[in-house]
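Computed from a predicted structure; not experimentally measured. Each chain gets a letter, A, B and so on, in the order the sequences are listed, and its residues count up from 1.
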2 protein chains.
Amino acid sequence: MVTTVAARRTRPQRADAKRAEILAGARAEFLSRGYEGASMDAVAATAGVSKMTVYRHFGSKEQLFSGVIRQLCDEIIDEDISEQMDSQPVADAMRMFARRMLSTVYDPVTLQLHRVVVAESSRFPELGNLFYEQGPLRSITLLAAFIKRHPKEFGAHARNAERAAAEFMSLLRGYTHLKALLGLNPSPSEFSEAVESAVDFLLRRNS
Amino acid sequence: MVTTVAARRTRPQRADAKRAEILAGARAEFLSRGYEGASMDAVAATAGVSKMTVYRHFGSKEQLFSGVIRQLCDEIIDEDISEQMDSQPVADAMRMFARRMLSTVYDPVTLQLHRVVVAESSRFPELGNLFYEQGPLRSITLLAAFIKRHPKEFGAHARNAERAAAEFMSLLRGYTHLKALLGLNPSPSEFSEAVESAVDFLLRRNS
DNA sequence: GTCTATATGAAGATAGAC
DNA sequence: GTCTATCTTCATATAGAC
């Protein structure tokens with residue numbers, strides 16, 4: 001009886017561990033080679049399991065890919081910084097928000113995720129949706145809520161907060177983001193310039 | 001002698017015709033399936049030639065891909081509309097420029113090209129460069145020149161015309177472009193709102 | 001549940017006839 | 001120059017032992 005109980009606990013745990021290793025291996029493979037370029041052999045090798053084990057856990061390459069992307073979309077979400085933003089001057093809060101955004105968006109993993117999801121949006125339309133909702137849309141919504149909490153500072157922008165938030169983020173991304181996605185190396189000054197442009201836009205300080 | 005002369009003209013023309021057909025077939029294949037997903041068998045079948053002919057003309061899949069992307073980058077360039085812009089009020093010229101940009105950027109072929117080039121920017125870095133230079137950079141440069149020709153209307157923006165032009169285009173793209181790349185269908189009102197936001201930004205009409 | 005070994009097909013690239 | 005036929009490799013997915 002004792003051994004049975006132990007087995008009941010241990011076996012699923014080991015299975016979960018394998019599952020996590022497979023996901024980790026698949027993540028590396030899909031991010032670096034894309035959906036078509038990735039091979040299930042390489043996934044199994046990287047995860048240190050046999051290919052059969054991969055198929056037992058995920059059924060097919062498509063389902064494994066979907067699992068990897070969903071996990072990444074969940075992980076990449078920024079922590080909610082609304083409280084920290086509310087405890088400082090509005091302009092400082094905006095700059096803080098902007099810098100957090102940039103460090104997330106230009107993280108190499110985020111860039112690769114972006115490339116892969118855009119590339120496979122025809123084959124996996126629901127992943128395109130998921131990526132947009134968990135990424136940009138969350139940030140826009142969070143920023144819009146902040147704007148609404150400070151109607152005086154944001155003036156007319158507060159009356160259309162979602163639109164203002166999206167425009168702020170668009171100025172923040174600029175074409176620097178596209179350059180990074182295309183493999184060009186943006187110069188560091190582009191980031192600080194983008195922050196100032198976006199903040200000035202929302203606070204109407206047209207220098 | 002007559003036949004020789006005729007042959008001298010005809011053979012290269014036929015070879016060029018085949019070459020064009022191969023490029024057309026390859027374009028369809030690469031745009032719809034991506035680099036890895038595309039097959040040389042399918043390219044040959046779509047072009048109506050044998051696979052050997054494809055290899056005679058282009059040597060390898062990589063070279064064929066490069067040829068296709070280069071051709072697309074050349075074709076997608078907008079005609080120069082500077083003269084038309086100069087012959088009307090500045091605000092109207094900006095709206096015209098904006099609408100042209102949008103119709104180019106949201107063209108299905110452009111969207112697919114964008115997806116593929118971003119996806120393959122690691123394997124083909126020079127194509128990432130080319131795409132940026134022939135696409136966004138050309139538009140930014142053209143718009144910056146227009147701004148410089150009208151320093152009075154653009155005020156402070158004219159003193160940093162390249163930056164102002166890039167910011168204009170960033171507001172114009174907004175997140176609508178990303179949504180389109182992710183397979184989400186933007187609502188029509190997003191386009192006209194983006195045009196007004198971008199124009200208002202540059203002309204400092206903060207409504 | 002996980003392994004080794006394999007079925008089955010398709011890919012990129014080439015040989016050799018004409 | 002273009003074709004048919006083929007080489008070689010590697011892919012996804014599975015069968016069967018333990």
*The side chain of B/S39 lies closest to which of these nucleotides: D/dC3, C/dC3, C/dA11?*
C/dA11

_Atom pair distance, as rounded to whole Å: CD1 in B/I22 and C1' in D/dC3_ = 13 Å

*Using atom types as modelled and distance alone, determine if a side-chain donor or acceptor of A/S121 lies under 3.5 Å from a backbone N or O of B/L181.*
yes

*Kindly indicate whether a cation-pi arrangement holds for A/R159 with A/F154, taking the cut-offs as under 6.0 Å to the six-membered ring centre and within 45° of the axis.*
no

*Calculate the interatomic distance between A/F30 atom CZ and D/dA11 atom C1'; express it in whole Å.*
13 Å

*Could you pull out all residues at least two apart from A/D92 that satisfy side-chain contact (heavy atoms from CB on, under 4.5 Å)?*
A/Q88, A/P89, A/R95

_So if I take the C1' atoms of five pairs at each end of the helix from C/dG1-D/dC18 to C/dC18-D/dG1 and get each local axis, what angle do the two axes make, rounded to 10 degrees?_
10°

*Starting at CG of A/D41 and ending at C1' of D/dT9, how long is that distance when rounded to a whole Å?*
12 Å

*Are side-chain N/O atoms of A/S39 and A/D41 paired as donor and acceptor at under 3.5 Å?*
no

Dump every N/O contact between nucleotides 14-17 of chain D and the protein below 3.5 Å, one line per pair.
none

*Whole-Å distance between D/dT2 P and B/H57 NE2?*
4 Å

*Rounded off to whole Å, could you give me the CZ-to-P distance for the B/F58 and C/dG12 pair?*
15 Å

_Is it the case that the side chains of A/R115 and B/S122 hold a donor-acceptor pair, with the cut-off being a distance below 3.5 Å and no angle test?_
no

_Interatomic distance where CD belongs to B/E29 and C1' belongs to C/dA10 [whole Å]_ = 13 Å

_Are A/Y106 and A/H177 an aromatic pair, judged by ring center distance below 6.0 Å?_
yes

*Lys NZ or Arg CZ of A/R173 over B/Y175 ring: under 6.0 Å, within 45°*: yes

_Can you tell me if A/S50 touches the phosphate of C/dC3, counting only side-chain N or O atoms and a distance under 4.0 Å to OP1 or OP2?_
yes

*Roughly how far apart are A/F58 CZ and A/S66 OG, rounded to 0.5 Å?*
10.0 Å

*Assign each of A/A38 and B/G48 to its nearest nucleotide of DNA chain D by heavy atoms, then name whichever residue's nucleotide is nearer the 5' end.*
B/G48

*To the nearest angstrom, how far is A/K61 atom NZ from D/dA11 atom C1'?*
8 Å

*Take the protein atom CD of A/E62 and the nucleotide atom P of D/dA11, then report the distance between them rounded to whole Å.*
17 Å

*Between A/Y35 (side chain) and A/E120 (backbone), is there a donor-acceptor pair under 3.5 Å?*
no

*Would you say a side-chain N or O of A/S60 is under 4.0 Å from OP1 or OP2 of D/dA13?*
no

